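One structure, pasted below without further comment.
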Amino acid sequence: MAVFDSFDPWDPAFVADPYPAYAELRARGRVLYYEPSDQWLVPHHADVSALLRDRRLGRTYVHRFTHDEFGRTPPPPEHEPFHTLNDHGMLDLEPPDHTRIRRLVSKAFTPRTVERLKPYVRSLAEELVGDLVAAGGGDLLTDVAEPLPVAVIAEMLGIPESDRAPLRPWSADICGMYELNPSEETAARAVRASLEFSEYLRTLIAARRKTPGDDLVSALIAAHDEDDRLTEQEMVSTCALLLNAGHEATVNTTVNGWWALFRDPAQLAALRADHSLVPTAVEELMRYDTPLQLFERWVLDEIEIDGTTIPRGAEVAMLFGSANHDPAVFTAPDRLDLARRDNPHISFSAGIHYCIGAPLARIELAASMTALLEHAPTLRPTAEPERTPNFVIRGLKGLAVEV
C-alpha cells in the first residue's frame, strides 16, 4: 500500500494538487490495484486512450450479465431513483441502446446546428461579462461560468428562463454520486435531486407533447413517435444528462482555467496581448487542470495490461488528470503553455462515449474567455479560492474577482 502514500482522493492536500501523486503512480506502473475504492488505476495516456476505445470494457454490465453473474452487489433499493435517472442516459448505456439514443441526440449537435448557436453564445457571454464589469467584480463562478452554459443547454432543450434556477443545484447533487465511495448523505441528496429533476422533466415533456416547439425535447418526442422508439424514461434521462454534462465541464474549466492563469502572470500577459491564442488556450486549460479527473469502466471480458490480468467483474479507473500530464505525450506537462499545438488531451474522453457536446463546450469557453479579455483586461482575484472537496469532478467553490 506504500504505492498510494500520496494518492488519497479523500485528502484535501491531494485534492488541492493531485498531479505530483499522478507522477508517482506513472512511475510505479501501468496499472495498480487500489483497495479503498476496489478499482484498478490506469495512469498513463496511451493505456487510458486505448481502454476508452476497448469494447471489452463498458460503462454498464447489465446488458450482458445479472449482478450475481458479474459478482457485484445490486445498488441499495433506496438509491433507485438516482439509478433510474442515471442508468437510462446514453453515458451509462452500451450498444445497441447507446447507439440508438446517441444517433438521435447527434442531430441536435451537428456542426451546422452548433455553428448557428455561436451568435447567441457570444451575445450572452458579452452580457454576463458586461454585468460583472459594471459591478466592479464579483464571483466569476456564479456570475459568468455557471449561467452561460446552463442557459445555452436550457435554451436548446426549451426550458423557460423562469424554470432554470434549480438546474445547477440538481446537477451538483446528482454528480456527487460520481465521486469515489459516496456517503449516504451524498446519496440521499442525489436521490432527492433525481426525483425532483425527473418530475420536472416529465412535466416538460408532457407540455411539449401538447404544444411542440423548436427545441430538442420536441425533437425527442417526434422521433419517439416515428421510428426511434425512445421510452419516456430514456427521454427524461437523456435531457438530464444533457443538462448535467452540458455545463459541468464548461463551468469547472472556466474557473480552474482562470485560477491557473492568475497564478501564471507571464502566460496571462501573453494571452492578453494576443487574443488569437484563445483556441489553443482553451485546449491547454482543459489539459492543465482537467475538470473530470477520473472515468470508470467495467471489465466485461478479461483484459491484460503490462502482464497484469484484470478479471471480468473488475472496475477500471482511468485517470484523465494523470494521462493529461504524461511526459510521454506532452512536453513539459506541468508547465502551462497557452500556445501548445500538439495537445491530444483526453478531457472529452474518447471512443463511443466521446463527449457529444465538445464542439459546443469549446464555443462557450472561447466566448467567455474572449469577453473577459476584451472587457475586463485588468481582471484579478481578490482572494484565494476554496476548492470543492470532490476529486472526480474538479472545481472551485467560487472565484472572487475585481476589475
Side-chain angles (χ1 to χ4, degrees), residues 2-9 11 13-34 37 39-54 56-57 180 249 252-253 256-257 259-261 263-264 267 279-297 299 303-308 310 314-351 353-355 358 361-362 365 390-395:
V3 171
F4 303 107
D5 283 347
S6 60
F7 181 85
D8 183 355
D11 179 5
F14 169 83
V15 171
D17 183 11
Y19 299 104
Y22 291 153
E24 291 183 24
L25 289 183
R26 291 193 301 270
R28 295 278 184 169
R30 289 172 53 192
V31 60
L32 307 104
Y33 178 68
Y34 186 55
S37 63
Q39 293 174 320
W40 292 86
L41 307 180
V42 180
H44 289 263
H45 187 283
D47 292 322
V48 170
S49 182
L51 290 176
L52 286 170
R53 297 168 170 84
D54 194 322
R56 293 174 297 174
L57 281 74
L180 300 181
N252 292 320
T253 297
N256 289 343
W259 179 234
L261 288 169
R263 287 176 294 143
D264 195 327
Q267 286 293 295
T280 55
V282 165
E283 302 302 319
E284 175 68 347
L285 292 169
M286 290 203 75
R287 179 202 71 83
Y288 183 75
D289 204 5
T290 310
L292 179 67
Q293 291 279 310
L294 177 152
F295 193 68
E296 299 164 330
R297 301 282 295 280
V299 180
I303 61 173
E304 184 180 305
I305 301 175
D306 197 27
T308 298
I310 305 179
E315 190 174 33
V316 171
M318 287 167 282
L319 298 174
F320 283 12
S322 176
N324 282 343
H325 279 247
D326 190 339
V329 177
F330 303 97
T331 303
D334 295 327
R335 187 183 76 226
L336 182 65
D337 180 5
L338 301 184
R340 191 184 296 271
R341 293 287 175 182
D342 185 15
N343 193 351
H345 69 76
I346 52 173
S347 300
F348 287 122
S349 191
H353 291 294
Y354 179 78
C355 178
R362 287 183 167 110
L365 290 165
N390 305 326
F391 158 57
V392 175
I393 298 177
R394 182 168 172 78

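Model, not experiment: these values are computed from the prediction.
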Query raised in the report: Which residues pass the ring pair (Phe, Tyr, Trp, His ring centres under 6.0 Å) test with His44, sequence neighbours left out?
Result: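 Result, ring pair (Phe, Tyr, Trp, His ring centres under 6.0 Å) vs His44: none returned.
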Report task. Tell me, please, which residues at least two apart from Ala249 pass side chain to side chain contact (heavy atoms under 4.5 Å, CB included). Result ->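 For Ala249, the residues satisfying side chain to side chain contact (heavy atoms under 4.5 Å, CB included) (neighbours in sequence not counted) are Pro291.
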Requested in this report: List for me each residue that meets side chain to side chain contact (heavy atoms under 4.5 Å, CB included) alongside Ala21, sequence neighbours excluded, and say none if there are none.
Outcome: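 Result, side chain to side chain contact (heavy atoms under 4.5 Å, CB included) vs Ala21: Ser6, Phe14.
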Query raised in the report: Which residues satisfy the ring pair (Phe, Tyr, Trp, His ring centres under 6.0 Å) test with Phe348, sequence neighbours excluded?
Result: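 With sequence neighbours excluded, Phe348 shows a ring pair (Phe, Tyr, Trp, His ring centres under 6.0 Å) to no residue whatsoever.
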Query raised in the report: With sequence neighbours excluded, what pairs up with Tyr19 under the ring pair (Phe, Tyr, Trp, His ring centres under 6.0 Å) test?
Result: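 Residues passing ring pair (Phe, Tyr, Trp, His ring centres under 6.0 Å) with Tyr19: Tyr22, His325.
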Query raised in the report: Tell me, which pairs form a salt bridge (Lys or Arg N to Asp or Glu O under 4.0 Å) where one or both residues lie in residues 316-336, sequence neighbours left out?
Result: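 Pairs touching residues 316-336 that pass the test: Arg335-Asp337.
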Requested in this report: Determine which pairs satisfy salt bridge (Lys or Arg N to Asp or Glu O under 4.0 Å) with at least one residue from residues 39-50, sequence neighbours left out, and list them in order.
Outcome: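 Qualifying pairs: Arg30-Asp47.
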**Report entry** Derivation of the side chain to side chain contact (heavy atoms under 4.5 Å, CB included) call for Met286 and Leu365
**Finding:** CA-CA 10 Å; Met286 290 203 75; Leu365 290 165; 4.1 Å; yes
Query raised in the report: Considering residues at least two apart in sequence or located in another chain, which fulfil the ring pair (Phe, Tyr, Trp, His ring centres under 6.0 Å) criterion with His345?
Result: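 By the ring pair (Phe, Tyr, Trp, His ring centres under 6.0 Å) rule, His345 matches no residue at all.
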Query - Set of residues satisfying side chain to side chain contact (heavy atoms under 4.5 Å, CB included) with respect to Val31, sequence neighbours excluded - result: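 Counting only residues at least two positions away or on another chain, Val31 forms a side chain to side chain contact (heavy atoms under 4.5 Å, CB included) with Trp40, Val42, Ile305, Thr308, Ile310.
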**Report entry** By salt bridge (charged side-chain N to carboxylate O under 4.0 Å, His left out) - contacts of Arg56 (at least two apart)
**Finding:**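 Once residues adjacent in sequence are excluded, the partners of Arg56 under the salt bridge (charged side-chain N to carboxylate O under 4.0 Å, His left out) criterion are Asp54.
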Report task. Not counting sequence neighbours, which residues clear side chain to side chain contact (heavy atoms under 4.5 Å, CB included) with Pro327? List them please. Result ->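 Here the qualifying residues are Arg26, Pro333.
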**Report entry** Qualifying residues under salt bridge (charged side-chain N to carboxylate O under 4.0 Å, His left out), relative to Arg287, sequence neighbours excluded
**Finding:**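 By the salt bridge (charged side-chain N to carboxylate O under 4.0 Å, His left out) rule, Arg287 matches Glu284.
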